[in-house]
Amino acid sequence: MQGYEYFDSDDAISQVQSMSEEDMLRCLRAAYYFIDKYDLPIEGEDLLNEAIVRILEGKRHLPKGVKVYTAINQIMKSVSYEMLTKRSDEAMRNTSPLDDESIAGSLLDGYSEKSDQRWSMLTSLFKEDEDASAFLAATEQGIKKSQIVEDLFNGNETAYDSMRRKITRKASSQMKGSM
C-alpha cells in the first residue's frame with residue numbers, strides 16, 4: 001500500500017456506489033477476461049461481487065487518484081489468481097504420491113531396449129568424428145554440461161553449442177524413419 005493514499009471505508013463504499021453503468025460493464029468485461037484466462041469455474045458477476053465485497057469489508061482498499069473500475073479490475077485479477085492457486089493446491093493435496101519404482105519400471109520395460117537401439121544408432125553416426133564421439137560418450141556417462149565444456153572444449157561454450165547442434169541436426173535427419 002505504498003505510494004498511494006486510500007479512501008476510508010465509507011468513501012470507498014460511496015465510490016463504488018457512484019460507478020456508472022459503463023464502468024460496471026468495463027468491470028464485467030474484465031471479470032470475464034480473467035475467468036477465461038484462468039479457466040475459473042465462476043460467473044463474471046460473482047467475481048465482480050467478490051471484489052466489491054472485499055472492498056466493503058475493508059479487506060481491499062481503493063487508492064485515490066486511480067479510477068474506481070481500474071482498482072476493482074486489479075482486485076478481480078488478484079481474486080482470480082488466488083482462486084487459481086487454491087485450485088492448484090487442492091489438486092496437489094488430493095492426488096496420491098506416485099510410486100517411483102513402479103512408474104520407472106513400467107516406463108523402462110519397453111523404453112530401455114528402444115532407447116539402447118537409438119543410442120547405438122546415434123553413436124554409429126559419429127564413429128568417424130572424434131569430437132562428436134567424445135561428446136556423446138561424456139553425455140552417456142552423465143557428465144554435466146559445465147564439465148564437458150571445460151574438458152572437451154577448453155571452456156568454449158560456443159564450441160559446445162555448435163557440437164550439440166551438429167549432432168542434433170545429423171541425428172534428426174538420419175533417424176527420422178527409425179523413431
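What you see is a predicted model, and the numbers here were worked out from it, not measured in a lab. Sequence positions, counted from 1, serve as the residue numbers for this chain.
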Go through the steps to decide whether Met19 and Ile72 satisfy the test side chain to side chain contact (heavy atoms under 4.5 Å, CB included), and finish with yes or no. CA-CA 11 Å; Met19 287 176 62; Ile72 291 175; 3.4 Å; yes

Kindly determine whether Leu56 and Ile13 satisfy side chain to side chain contact (heavy atoms under 4.5 Å, CB included), including the steps that lead there. CA-CA 6 Å; Leu56 299 177; Ile13 292 170; 3.2 Å; yes

What's the verdict on side chain to side chain contact (heavy atoms under 4.5 Å, CB included) for Phe7 and Lys64, showing C-alpha distance, side-chain angles and the deciding distance? CA-CA 6 Å; Phe7 289 109; Lys64 294 180 179 177; 3.8 Å; yes

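To the nearest 0.5 angstrom, Ile148 atom CD1 is 4.0 Å from Thr139 atom OG1. Annotation: the span from Met76 atom CE to Asp46 atom CG amounts to 12.0 Å, rounded to 0.5 Å. Atom CD of Glu57 is separated from atom OG of Ser9 by 12.0 Å, given to the nearest 0.5 angstrom.
Annotation: salt bridge (charged side-chain N to carboxylate O under 4.0 Å, His left out) contacts involving residues 138-150, sequence neighbours excluded, comprise Lys145-Glu157. For residues 31-42, every residue pair satisfying the side-chain hydrogen bond (donor to acceptor under 3.5 Å, both in side chains) rule, not counting sequence neighbours, is listed here: Tyr32-Glu45. The ring pair (Phe, Tyr, Trp, His ring centres under 6.0 Å) contacts involving residues 64-85 comprise nothing, where partners must be two or more places apart or lie in separate chains. For residues 18-28, the pairs satisfying salt bridge (charged side-chain N to carboxylate O under 4.0 Å, His left out) are Glu22-Arg26, Asp23-Arg26, with sequence neighbours left out.
Lys170 contributes a side-chain N or O that, together with a main-chain N or O of Leu125, makes up a donor-acceptor pair within less than 3.5 Å.
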Which atom pairs, donor and acceptor, lie under 3.5 Å between side-chain atoms of residues 161-169 and protein residues at least two apart or in another chain?
{"from": "Ser162", "atom 1": "OG", "to": "Thr158", "atom 2": "O", "distance (Å)": "3.0"}
{"from": "Lys166", "atom 1": "NZ", "to": "Asp129", "atom 2": "OD2", "distance (Å)": "2.4"}
{"from": "Thr168", "atom 1": "OG1", "to": "Arg164", "atom 2": "O", "distance (Å)": "2.8"}

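Considering every non-hydrogen atom in both Asp11 and Ser14, the closest pair reads O-OG, 2.8 Å. Taking all atoms of both residues into account, the shortest heavy-atom contact from Ala31 to Gly44 is CB-O, 3.5 Å. Nearest heavy atoms, Leu47 versus Ile42: N-CD1, 3.9 Å. Residues Leu62 and Gln15 share a closest heavy-atom pair of CD1-CB, 4.1 Å. Of all the heavy atoms in Leu48 and Cys27, the pair that sits closest is CD1-CB, 3.6 Å. Considering every non-hydrogen atom in both Thr123 and Leu136, the closest pair reads CA-CD1, 4.2 Å.
Within a 6.0 Å radius of CE in Met24, no more than 12 heavy atoms belonging to other residues, nucleotides or ligands are found. Counting heavy atoms of neighbouring residues, nucleotides and ligands inside a 6.0 Å radius, atom NZ of Lys67 does not exceed 12 of them.
Proximity of Ile35 to Ser80: side-chain heavy atoms (C-beta onward) are nowhere separated by under 4.5 Å.
Both Leu28 and Ile55 sit in one connected hydrophobic cluster of ILVMFWY residues. Membership requires side-chain heavy atoms under 4.5 Å apart, directly or through other members. Under the 4.5 Å side-chain heavy-atom criterion for ILVMFWY residues, a single connected hydrophobic cluster contains both Phe34 and Met83.
For Arg54 and Ser78, the side-chain atoms include no donor-acceptor pair closer than 3.5 Å.
Under the rule for a side chain to side chain contact (heavy atoms under 4.5 Å, CB included), the partners of Ser133 that lie at least two apart in sequence or sit in another chain are Phe126.
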